[in-house]
Amino acid sequence: MSAWSVRRAKRRERVSRRIKDEEKLGNTEIGRLRHRFIRIAMIAISVILLFILIIINGTMGVIININLNRSLIRIAGEQPDGYYTQEDEGALQSLGAQLMPNVRITSVDYYVLTVDTNGTVLSTDAHTMSELTAVQEADMVSLTVLHNPTLEPGRTVKFSYAGESYAARVVDKEAQTQAKAEASAGASASDSSSSASASSSEPSSASTSEPAAGSLSSSASASAAPSPSSSSSPSTRSSRSSASQSASPASSPTSSAYNADNDDDAPVQDGTIDIVFLNYTEVHNWQRQLLDMSVIIAFLSVFVFWLVVVSLSRRAVEPSIKTLQTQKRFITNASHELKTPVSIISADAEVLEAVNGENEWTRSIINQSKRLNDLISALVSLTKAGENEKFHLADVDMTQLATKAAQDFAPVIQQAGKTLQTHIQDDVHAQAELRSITEVLNILLDNSAKYCDDGGMVDITLAPRQGIRGGVALTVSNDYKDGAGQDYSRFFERFYRADESHNSGKQGFGIGLAMAQELVTRMNGTVDASWHDGRISFTVNLR
């Protein structure tokens with residue numbers, strides 16, 4: 001066999017041994033505590049990562065919404081800073097600078113549709129490389145009306161159409177008119193200040209040249225008074241405006257930042273509504289990519305954290321596992337070693353009784369030997385209950401099991417001067433291991449029969465458990481008037497017996513309830529003790 005095959009076989013053996021160790025560890029109390037710690041740690045890190053995801057993506061969504069709304073306001077010209085003069089046109093053509101301060105997009109597509117009060121498209125102003133068809137225009141207007149039924153001005157809505165993401169805003173024309181007036185006033189004041197500054201910096205010789213000044217004044221007056229024919233000719237309006245702007249920047253009208261209102265001189269039609277549609281697909285896709293990437297990173301982080309927690313928790317509990325295994329081996333070995341001398345002592349005492357007759361000394365030796373033998377058997381049973389054998393749960397008819405247990409213990413309870421009462425519902429089933437749940441029920445009934453008050457009553461109740469998780473609830477209760485003020489969480493500790501002075505005459509070692517809890521836990525159930533109105537109850541919850 002090659003060296004590579006040997007290494008591979010050893011690696012496979014180590015993995016198989018580790019898997020078996022994990023299975024054995026999972027069935028112990030330490031293993032269950034470890035798994036609970038891992039679950040709590042994973043839930044905590046998952047909640048933290050989810051909170052971080054919500055903060056990052058939520059904040060980015062808010063920023064995008066704010067900038068989309070700001071860009072639509074600029075397109076609609078509802079703010080003074082949304083207007084510019086001809087000198088600023090080249091600097092303000094890129095809408096990408098207005099969308100996201102730190103994200104630049106290559107192209108910006110937007111449309112301005114003018115509709116009537118019925119939603120019929122009257123005209124289209126497309127600022128994109130592709131035009132909209134009549135059907136597309138009608139569909140986009142319908143989607144806008146769906147999200148904004150009253151076509152309320154100044155409200156931004158978002159929707160998807162034909163695989164593209166759009167943000168739409170109904171233009172507030174009053175805000176548009178006011179913003180345009182403020183922008184024009186500001187531009188005029190700025191241009192006047194610039195002209196005054198330029199005039200003050202001219203040479204003094206120019207101001208003393210009377211003919212030149214008169215000639216310039218006459219020329220300006222002549223150009224400022226156009227002929228009626230030229231003022232009424234639409235074909236010359238653009239060239240006249242250009243000449244006027246080149247002669248006097250102060251008289252140049254401001255325009256909407258992104259030309260939502262193409263013709264500044266055109267009268268606003270009454271009864272019409274302007275809707276701005278901004279295509280922000282690229283920004284939306286970028287946001288989706290950020291979300292997908294952050295989710296992937298979160299899952300990878302959870303997986304890495306899980307590996308770290310499992311590895312570290314395994315190392316942390318290894319000393320406890322070794323101690324527990326050593327303890328179990330000691331109990332098992334000691335039990336087997338003690339059985340032989342105890343049996344010999346009991347046999348010798350019986351021989352002495354046969355030869356010399358029964359007396360209090362031989363009877364005490366035999367009784368204590370029997371008690372010691374019972375203790376050894378209980379320790380062995382407790383050790384086996386906690387062994388690393390995996391339970392195979394199956395469907396168990398709890399109704400039949402509880403009925404049979406009640407019939408078996410009825411003579412014992414009645415002989416002790418107590419009564420047995422049952423409240424067992426029909427056709428109740430649970431997922432359990434038959435031998436183990438039978439042992440648990442016997443332990444609880446024996447405990448109740450033993451510690452029930454004289455003349456008291458033992459009760460068995462079996463019913464489906466109410467709630468989302470469902471399952472089965474098995475309760476064994478008995479009268480116990482001295483149960484007030486006791487710590488019932490300790491009843492399942494090994495060798496614990498409440499009120500030793502009161503129970504000094506009772507048989508037992510305080511191991512039965514610990515064994516019952518061990519068996520129930522390994523069946524994925526719970527068992528607890530409680531006291532109310534003079535009665536103590538032990539409740540087993542199974543799935």
Side-chain angles (χ1 to χ4, degrees), residues 15 22 34-76 82 91-111 126-130 132 136 139-140 143-144 146-148 155-169 257-258 275-316:
V15 172
E22 287 291 335
R34 175 187 174 225
H35 291 163
R36 186 181 303 173
F37 168 76
I38 293 175
R39 285 197 300 270
I40 294 174
M42 296 308 301
I43 291 174
I45 191 63
S46 299
V47 170
I48 293 174
L49 290 175
L50 179 61
F51 186 67
I52 294 175
L53 284 178
I54 292 175
I55 290 179
I56 293 176
N57 291 277
T59 303
M60 192 56 60
V62 170
I63 293 175
I64 290 177
N65 289 335
I66 291 175
N67 283 278
L68 280 177
N69 193 58
R70 182 184 302 172
S71 299
L72 287 170
I73 291 175
R74 286 177 172 273
I75 294 174
L92 296 175
Q93 282 298 323
S94 174
L95 183 58
Q98 306 297 335
L99 269 176
M100 292 289 293
N102 299 322
V103 179
R104 297 293 181 262
I105 57 179
T106 57
S107 62
V108 177
D109 296 341
Y110 69 94
Y111 308 87
H127 294 260
T128 176
M129 297 182 65
S130 60
L132 292 176
Q136 292 174 332
D139 290 343
M140 293 177 66
L143 290 172
T144 304
L146 180 64
H147 293 82
N148 186 5
R155 179 182 170 187
T156 300
V157 297
K158 296 187 295 183
F159 58 86
S160 298
Y161 177 71
E164 302 289 329
S165 300
Y166 290 93
R169 181 183 179 88
Y258 304 108
I275 306 177
V276 179
F277 296 90
L278 173 63
N279 188 323
Y280 72 103
T281 303
E282 191 169 350
V283 175
H284 180 71
N285 291 340
W286 176 82
Q287 184 184 13
R288 290 292 301 272
Q289 291 174 2
L290 174 65
L291 176 61
D292 295 342
M293 183 174 61
S294 57
V295 169
I296 292 174
I297 293 175
F299 275 110
L300 291 177
S301 301
V302 169
F303 178 71
V304 172
F305 186 79
W306 177 80
L307 292 178
V308 173
V309 170
V310 170
S311 177
L312 293 181
S313 62
R314 171 70 184 184
R315 295 183 180 180

Any side-chain heavy-atom pair of Leu278 and Ser71 under 4.5 Å = yes
Taken in chain and number order and not counting sequence neighbours, the residues that satisfy side-chain contact (heavy atoms from CB on, under 4.5 Å) with Ile55 are Phe51, Thr59
Just how far is it from atom CD1 of Ile43 to atom CD1 of Ile38, taken to the nearest 0.5 Å?
-> 12.0 Å
Heavy-atom check, side chain of Asn67 versus side chain of Arg70, under 4.5 Å = yes
Interatomic distance, CG@Asn57 vs CD1@Ile52, rounded to 0.5 Å, equals 11.5 Å
Quick one: pull up CE in Met140 and CD1 in Ile275 and give me the separation to the nearest 0.5 Å.
-> 9.5 Å
Identify the heavy atoms of Leu68 and Ala167 that sit nearest to each other, and give their distance.
-> CD1-CB, 4.5 Å
Distance-only side-chain donor-acceptor flag, Tyr161 / Asp139, under 3.5 Å = yes
Do the side chains of Val309 and Phe37 get nearer than 4.5 Å, heavy atoms only?
-> yes
Inter-residue atom distance Thr156.OG1 - Asn65.CG, 0.5 Å rounding | 9.0 Å
Take the angle between the ring planes of Phe277 and Phe159 and call it parallel below 30°, perpendicular above 60°, tilted in between.
-> perpendicular
Any side-chain heavy-atom pair of Tyr280 and Lys158 under 4.5 Å | yes
In Å, rounded to the nearest 0.5 Å, how long is the span from OH of Tyr110 to CD1 of Ile75?
-> 6.0 Å
For Leu49 and Val302, which heavy atoms make the closest approach, and how far apart are they?
-> CD1-CG2, 3.4 Å
Indicate yes or no: at least one non-hydrogen side-chain atom of Val276 is less than 4.5 angstrom from one of Tyr111.
-> no
Which pairs count as side chain to side chain donor-acceptor pair (under 3.5 Å) when at least one residue sits in residues 300-313, sequence neighbours excluded?
-> Arg34-Ser313
Could you tell me whether the side chain of Arg169 reaches within less than 4.5 Å of the side chain of Asn69, counting heavy atoms only?
-> yes
What distance do Ser294 atom OG and Gln289 atom CD have between them, rounded to the nearest 0.5 Å?
-> 11.5 Å
Set of side chain to side chain donor-acceptor pair (under 3.5 Å) partners for Asn285, sequence neighbours left out = none
Check: Trp286 and Ile64 side chains under 4.5 Å, non-hydrogen atoms = yes
Which atom pair, heavy atoms only, marks the closest approach of Ser160 to Leu143?
-> O-CD1, 4.0 Å
Between Gln287 and Gly61 the two heavy atoms that sit nearest each other are NE2-CA, 3.4 Å
Closest heavy-atom pair and its distance - Gly163, Thr281 | O-CG2, 4.4 Å
